[in-house]
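To start, the structure itself, in structure tokens.
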Amino acid sequence: VRQLRVASHIAQQAEGSLLADLDRALGAIRTVRASRAEDREAARLDDSAGRAYHANLRMARLAALSGLSAFARTPTRFGVSIEGRRWRRD
């Protein structure tokens, strides 16, 4: 659970960084165009988007594994009936 919490925090930071970069680039679009820096800004946004994507992917993997391990630790009850006899395991 701790790893999932840390991964979630990292993913939120990466998304925040992406949104900040996007806001900065769109807010200064005239300056970006005037200085012919479209490629540089696109590369910066692509890098930020990649980091956010991979951080969220890691978090999703940990969440899936956490759910599986929680399911595996849950005690299950099942019964087996053979020839009219019933065995029960708790």
Side-chain angles (χ1 to χ4, degrees):
V1 176
R2 185 183 189 297
Q3 287 180 339
L4 183 60
R5 193 175 318 135
V6 170
S8 174
H9 184 70
I10 291 170
Q12 288 175 0
Q13 285 181 331
E15 288 174 4
S17 176
L18 171 62
L19 291 175
D21 287 347
L22 186 60
D23 185 51
R24 187 183 55 78
L26 291 176
I29 193 70
R30 290 183 181 167
T31 305
V32 170
R33 285 187 179 172
S35 62
R36 301 179 72 153
E38 293 96 341
D39 293 336
R40 184 173 55 232
E41 290 299 321
R44 182 190 320 261
L45 290 172
D46 188 49
D47 184 50
S48 290
R51 279 182 282 153
Y53 171 77
H54 289 293
N56 278 300
L57 189 62
R58 181 174 186 270
M59 185 182 66
R61 285 180 184 151
L62 287 172
L65 290 174
S66 174
L68 288 175
S69 66
F71 177 73
R73 285 182 272 153
T74 304
T76 57
R77 300 180 79 191
F78 62 92
V80 178
S81 177
I82 300 174
E83 297 178 7
R85 295 183 181 160
R86 183 162 176 84
W87 287 275
R88 185 177 210 157
R89 178 169 173 119
D90 293 85

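Between Leu4 and Ala63, the shortest heavy-atom distance links the atoms CD1-N, 3.6 Å. Taking every heavy atom of both residues into account, Leu45 and Ala25 meet most closely at CD1-CB, 4.3 Å. The shortest non-hydrogen separation linking Ala14 to Ala55 is CB-CB, 4.2 Å. Smallest separation of non-hydrogen atoms from Ala52 and Leu18: CB-CD2, 4.4 Å.
With sequence neighbours excluded, no residue satisfies side chain to side chain donor-acceptor pair (under 3.5 Å) with His54. Residues satisfying the side chain to side chain donor-acceptor pair (under 3.5 Å) criterion with Arg24, sequence neighbours excluded, are Glu41.
A distance of 13.5 Å separates CD of Gln3 from CZ of Arg61, quoted to the nearest 0.5 Å. Note that CG of Leu19 and CD of Glu15 are 7.0 Å apart. Values are rounded to the nearest 0.5 Å. Taken from CD in Gln13 to OG in Ser8, the straight-line distance is 10.0 Å, to the nearest 0.5 Å. Atom-to-atom distance recorded for Arg40:CZ and Glu38:CD is 9.5 Å, nearest 0.5 angstrom.
The closest donor-acceptor contact from the side chain of Asp47 to the backbone of Ala43 lies at 3.5 Å or more, if one exists at all.
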| Test side chain to side chain contact (heavy atoms under 4.5 Å, CB included) applied to Met59 and Asn56, step by step | CA-CA 5 Å; Met59 185 182 66; Asn56 278 300; 3.7 Å; yes
| request: For side chain to side chain donor-acceptor pair (under 3.5 Å), just list the numbers for Ser48 and Arg51, CA-CA rounded to whole Å, side-chain angles, deciding distance to a tenth of an Å, and then say yes or no. | output: CA-CA 5 Å; Ser48 290; Arg51 279 182 282 153; 3.2 Å; yes
